[in-house]
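Report on the following structure.
Values in this document were obtained by computation on a predicted structure and should not be read as measured data.
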Amino acid sequence: MGGAFNRTVEVDFPQSGHHVYIEESFLGPDVFNYMRVQVKLRGSTPSVPVGSKIEVPDYEEEYTRVSPGMIRSRASRSYRLEGNNLEVPFTLDQTITYTECNSHMTSTRLKVARNFIVYDPQEQIVRYAMTNKISPLSVDDPCREGRQQCGPNSNCVVEGDSFRCVCNQGYQQIYEEDGDRTITCVAAPQHSGGYLVFAHGMSLLRVPTVPTKSNPGQLLLMEPNQTPVGLTTDCQMGHLYWADASLKVIRRANYNGSEVTMTISHDMLSPEGVAVDWLGETIYWTDSGKDTIEVASLVSKYRKVLISEGLSNPRGIAVHPGIGKMYWTDWNRNSPKIEMANMDGSGRTELVKENLGLPNMLVIDFDRHNLCWTDSGLRRIECIGLNGQSRRVVYTPAVYPFGIAIHEGHIYWTDWEIKFLHRVDVNGGEAEPLEIPAGGSGKMYGIVSLPSYCPSVGSACAVDNGGCKYLCLPTGRGGRSCVCPDTSEDGSDIECSNLS
């Protein structure tokens, strides 16, 4: 390889839900014979107490040449803290690309032993050492036969003495059959995202993540008499959705503001929060007039009221199709709360109920497995783990924070009293005011990041509607529920049992 190659690594921690994505470009040796490396890193890891030492048992990894100039590896490993027998498992999915000379390599095994990892607090660096040994496989290559079992757009990689099918670059896995190595890989969508859209009065405005005087952003679209309270995206299709509380509808447009259409327009009193399950092709919303949380298919327009009891002023909503959970705020002044449930409405529980003022909108940080929200009563931006742990104040004092979005390690929010966008690092620090473009007036409502790619998660509802006739809704157990709708947006007849 000559010291020049690219390596990408996805690391998943299944117990905590943390995820790390690493991009490395090895540029060969410099004039001092040191390897030059460019690294891009995003995501988060489980917390490690200050002063702790990490122990990594000896391990082996198999590397498979899946095509000329490309090597893939999939491995399951673990670490533990010194003095603690509890192991923390994690998986690594690696891809190495390089310019290949003539090679007959198929699969090799890397043995790593005597791992040493320590953090130097004075120099603020991590020191590590290990011994490595590379050798051919001691058994026949399992992928010689395993390749026949891998479906379209996937490759076979050696894992231990067996094999696993993994999606090719440019494709993402959306489903895997239980007890079967068969996976479904679809083309990973790429859209011209990488910027923010927020509501200002009747207008939606598009701004770069760091606006400047020469590039402050621009008006995206304006609909007369609308009040776009909540905004969300369908990252798979490149669509922007917003809930209009004044005209009592939910609308859709392309990322560039074109082709504005009505998505939901019947039987709503005051829709505010809105969220899209891009894998299951469903849309969720809160209605503070009806005090309900509802869902509809974006394909068939079948609708279902999921929750209608115990709500007072539901507002923000967010969904995580990978773990089958939905989250929402209720700004009931007598008893404000943030709740969660499975995406079929079952398993409802209170996530946050103490020390809340007026929780407004919320957003899921998929990289860090966090839920973040604005609280205009306590004038805060806060986050908490999706499991209800590690609650923290990111920024205070805000004035009247309302909408919230996350983009590349920063939290953005709108404010009802200050006509600026605001930005702060997800770990806290000083907030930065961002000027907004002309084209809007009145209150600033929802804000959303328009991503270029979707989070790397899967869902049982991602293929053929999960085998359901009407609504397929993820559960918190990695499965799905086939749910009978209450009504249809287009008035279609419904003959359904919950078994279909």
Side-chain angles (χ1 to χ4, degrees), residues 16-20 42-51 196 198 209-210 230-231 272-273 275 313-318 320 325-340 349-434 443-449:
S16 63
H18 289 87
H19 181 85
V20 179
R42 68 172 188 266
S44 63
T45 63
S47 60
V48 176
V50 176
L196 305 165
F198 70 97
T209 56
V210 184
L231 282 69
E272 295 197 15
N313 297 103
R315 176 161 283 167
I317 188 169
H320 193 312
K325 298 290 185 182
M326 62 178 178
Y327 304 81
W328 67 92
T329 62
D330 190 323
W331 60 269
N332 178 359
R333 293 187 183 276
N334 295 322
S335 181
K337 57 189 174 181
I338 298 175
E339 295 188 87
M340 61 182 287
T349 185
E350 291 181 338
L351 184 71
V352 182
K353 59 181 179 180
E354 303 292 339
N355 200 19
L356 285 173
L358 202 162
N360 284 314
M361 294 299 179
L362 41 68
V363 63
I364 291 176
D365 184 344
F366 284 87
D367 285 340
R368 296 161 187 82
H369 214 62
N370 279 347
L371 181 75
C372 302
W373 69 92
T374 55
D375 189 326
S376 59
L378 299 181
R379 303 171 63 194
R380 292 176 176 174
I381 311 299
E382 292 195 61
C383 295
I384 195 171
L386 295 181
N387 57 5
Q389 299 178 357
S390 304
R391 181 180 176 181
R392 59 193 174 88
V393 176
V394 177
Y395 181 78
T396 190
V399 179
Y400 202 104
F402 190 81
I404 185 170
I406 293 179
H407 182 82
E408 291 187 350
H410 286 89
I411 295 177
Y412 297 78
W413 72 91
T414 60
D415 196 293
W416 273 13
E417 296 188 14
I418 300 178
K419 298 303 181 282
F420 289 94
L421 293 179
H422 304 264
R423 183 178 83 154
V424 70
D425 189 278
V426 292
N427 296 312
E430 293 294 324
E432 178 184 1
L434 305 175
K443 289 182 177 179
M444 296 168 62
Y445 292 98
I447 183 171
V448 67
S449 167

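- In this structure, the side chains of H422 and I381 stay at 4.5 Å or more apart for every pair of heavy atoms.
- Heavy atoms of other residues, nucleotides or ligands lying less than 6.0 angstrom from CD of E408 number 12 at most.
- Considering only heavy atoms from C-beta on, I338 comes within 4.5 Å of L371 through its side chain.
- Going from atom CG of D330 over to atom NZ of K353 covers 14.0 Å, rounded to the nearest 0.5 Å.
- Across all non-hydrogen atoms, the minimal contact from N360 to Y400 is ND2-CE2, 4.4 Å.
- Note: I418 CD1 to M444 CE = 10.0 Å, rounded to the nearest 0.5 Å.
- In terms of heavy atoms, Y327 sits closest to L362 at O-CD1, 3.8 Å.
- When all heavy atoms are compared, the tightest approach of S376 to P401 is CB-O, 3.6 Å.
- Taking CG of N370 as the reference point, atom CD1 of I406 lies at 7.5 Å (rounded to 0.5 Å).
- Counting heavy atoms from C-beta on, the side chains of M340 and T349 come closer than 4.5 Å.
- For the pair V363/S449, no side-chain contact is recorded, criterion being any heavy-atom separation below 4.5 Å from C-beta on.
- Separating the OG1 atom in T374 from the CE atom in M361 is a distance of 7.5 Å, to the nearest 0.5 Å.
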Check the pair I404 / C372 against side chain to side chain contact (heavy atoms under 4.5 Å, CB included), numbers first and verdict last. CA-CA 8 Å; I404 185 170; C372 302; 4.0 Å; yes
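- The ring pair (Phe, Tyr, Trp, His ring centres under 6.0 Å) test with W413 is passed by exactly one of Y445, Y395, F402, F420: Y395.
- At a threshold of 4.5 Å between non-hydrogen side-chain atoms, the residues R333 and L358 count as touching.
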May I have the step-by-step check of side chain to side chain contact (heavy atoms under 4.5 Å, CB included) for T396 and L378, ending in yes or no? CA-CA 8 Å; T396 190; L378 299 181; over 6 Å; no
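- Proximity of V394 to V426: side-chain heavy atoms (C-beta onward) are nowhere separated by under 4.5 Å.
- In terms of heavy-atom proximity, V352 sits nearest to I384 at CG2-CD1, 3.9 Å.
- Atom-to-atom distance recorded for D365:CG and I411:CD1 is 7.5 Å, nearest 0.5 angstrom.
- Heavy-atom minimum distance, L196 versus I447: CD1-CD1, 4.4 Å.
- Going from atom CG of N313 over to atom CG of N334 covers 9.5 Å, rounded to the nearest 0.5 Å.
- Here the side chain of T414 pairs a donor or acceptor atom with the backbone of G403 at under 3.5 angstrom.
- Considering only heavy atoms from C-beta on, H320 comes within 4.5 Å of H369 through its side chain.
- Side-chain contact between N355 and R380 is present, with at least one heavy-atom pair separated by less than 4.5 Å.
- Of all the heavy atoms in N427 and R392, the pair that sits closest is CA-NH1, 4.0 Å.
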